[in-house]
Amino acid sequence: MAKTIIIGACGQIGTELVLELRKREGAENVLAADLRDECPAVLNNGPYQKMDILDREFVRQFIIDNEIKTVYLLAALLSATAEKNPDFAWKLNMEGLFTILDLAKEGHVSKIFWPSSIAVFGPTTPRENTPQYTVMEPSTVYGISKQSGERWCEYYFNKFGVDVRSIRYPGLISYTSLPGGGTTDYAVDIFYQAKLKKPFTCFLSENTALPMMFMEDAIRGTLELMSAPKESIKVRSAYNLSGCSFTPAELTQEIQKIEPSFTINYAPDFRQAIADSWPKSIDDSAARTDWGWKENYGTTELVNVMMENVDTSLLIA
Ligand code: NAD
Ligand code: SER
């Protein structure tokens with residue numbers, strides 16, 4: 001039976017994390033779990049379990065009975081969706097974390113990955129090259145839940161020795177599955193319109209710079225963090241991690257090098273205020289020093305690989 005579980009496996013990150021973990025650990029050892037009745041076809045190469053992370057007793061019993069030792073907990077509402085349903089976002093983003101932290105505190109689980117986000121920062125945070133340790137006053141329910149989650153992770157490590165590890169992911173860019181309701185989603189959606197040779201309407205203004213990362217870097221970074229020796233993990237809240245940083249206008253210019261006819265227009269909506277409260281770029285020197293993080297993809301490389309691989313049939317799948 002699988003010894004590693006990814007909860008929230010059918011989403012943007014989970015899909016690629018499951019595939020990479022199955023390559024490394026063997027498909028039968030990596031269990032994908034999600035609220036959905038069925039997983040995407042691309043995950044059919046290994047076990048799948050329908051699971052609601054909010055069903056604490058079911059999750060506890062399943063993990064204990066199956067002797068699962070490593071948990072990647074990805075199920076959450078992202079920033080834009082969370083603003084539309086703050087009560088539920090708080091419930092989902094926090095209760096699942098406690099279920100898994102408690103399993104580790106009781107000795108059933110030995111290692112946890114739980115993702116944080118650049119959303120832990122807020123309007124009073126220095127926005128350029130945002131340090132690992134700085135003012136953190138998030139103004140979104142998503143950011144508040146991620147910051148609280150970080151505090152609880154560190155607390156469970158300090159009080160109970162729980163080996164929980166985390167990264168403050170920037171906006172993640174990928175082509176295997178679609179993004180799930182974040183403020184950085186425009187930077188994925190744009191590629192589908194460029195491939196369809198259609199104009200793109202961006203929900204952020206042209207000069208809104210945000211930290212971003214290609215998914216391959218994010219997955220590699222996650223697995224490097226998870227395999228680093230315990231004693232080298234000095235940050236038990238969550239590590240800053242940087243890939244690249246760009247504005248919608250800069251991204252458009254890069255896409256136009258490949259698709260010169262591509263056009264963009266701007267219609268900022270409620271997500272603009274969220275983006276304006278987040279960093280423009282990130283200082284990730286702690287991750288570099290502690291466990292050797294280094295990104296492979298800058299903006300140009302990211303655009304090239306996205307334009308080559310985006311499959312517009314995903315939009316109707
Ligand atoms: P996503 O929305 O694409 O996927 C989330 C998955 O969780 C979905 O498949 C959904 O069905 C599942 N899910 C929802 N409720 C569930 C429940 N009650 N029980 C079980 N599964 C449930 O999200 P993602 O982009 O893959 O993000 C995963 C994690 O990474 C989240 O915690 C998110 O906050 C964090 N993160 C993502 C990004 C990004 O750019 N994608 C950036 C920073 C942090
Ligand atoms: N990409 C995520 C979002 O926009 C950042 O956590 O919500």
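Order of listing sets the numbers, starting from 1, for every ligand and every atom in it. For reference, positions follow the sequence shown, starting with 1. Atom set for the values below is all heavy atoms of this structure, side chains included, hydrogens, waters and symmetry mates excluded.
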Got [X] and [Y] here, is their nearest side-chain heavy-atom distance under 4.5 Å?
X	Y	result
L251	V303	yes
Y133	V235	yes
K195	E308	no

Does K146 make a cation-pi contact with W114, if we ask for NZ or CZ under 6.0 Å from the ring centre and within 45° of the axis?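 Here K146 passes the 6.0 Å and 45° test against W114.
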
Protein residues that have a heavy atom under 4.0 Å from any atom of ligand 2, sorted by chain and number: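 Heavy-atom contacts below 4.0 Å: L78, S79, S117, Y142, G171, G182, T183, T184, W278.
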
How are the rings of Y186 and F246 set to each other: parallel, tilted or perpendicular (split at 30° and 60°)?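 Taking F246 first and then Y186, their aromatic rings stand perpendicular (interplane angle over 60°).
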
May I ask you to say whether [X] pairs ionically with [Y], meaning some side-chain N is under 4.0 Å from a carboxylate O?
X	Y	answer
R60	E106	yes
R271	D185	no
R22	E25	no
E150	R236	no

One line per pair, note the atom names and distance for all nitrogen or oxygen contacts under 3.5 Å between ligand 1 and the protein.
residue  : atom   : partner : partner atom : Å
ligand 1 : 3 (O)  : Q12     : N            : 2.8
ligand 1 : 9 (O)  : G11     : N            : 3.1
ligand 1 : 9 (O)  : D34     : OD2          : 2.6
ligand 1 : 9 (O)  : R36     : NH2          : 3.2
ligand 1 : 11 (O) : D34     : OD1          : 2.6
ligand 1 : 11 (O) : R36     : NE           : 3.4
ligand 1 : 18 (N) : D52     : OD1          : 2.8
ligand 1 : 19 (N) : M51     : O            : 3.4
ligand 1 : 19 (N) : I53     : N            : 2.9
ligand 1 : 21 (N) : L35     : N            : 3.3
ligand 1 : 26 (O) : Q12     : N            : 3.2
ligand 1 : 26 (O) : I13     : N            : 2.9
ligand 1 : 32 (O) : L74     : O            : 3.2
ligand 1 : 32 (O) : K146    : NZ           : 2.9
ligand 1 : 34 (O) : Y142    : OH           : 2.6
ligand 1 : 34 (O) : K146    : NZ           : 3.1
ligand 1 : 40 (O) : L172    : N            : 3.0
ligand 1 : 41 (N) : Q12     : OE1          : 2.9

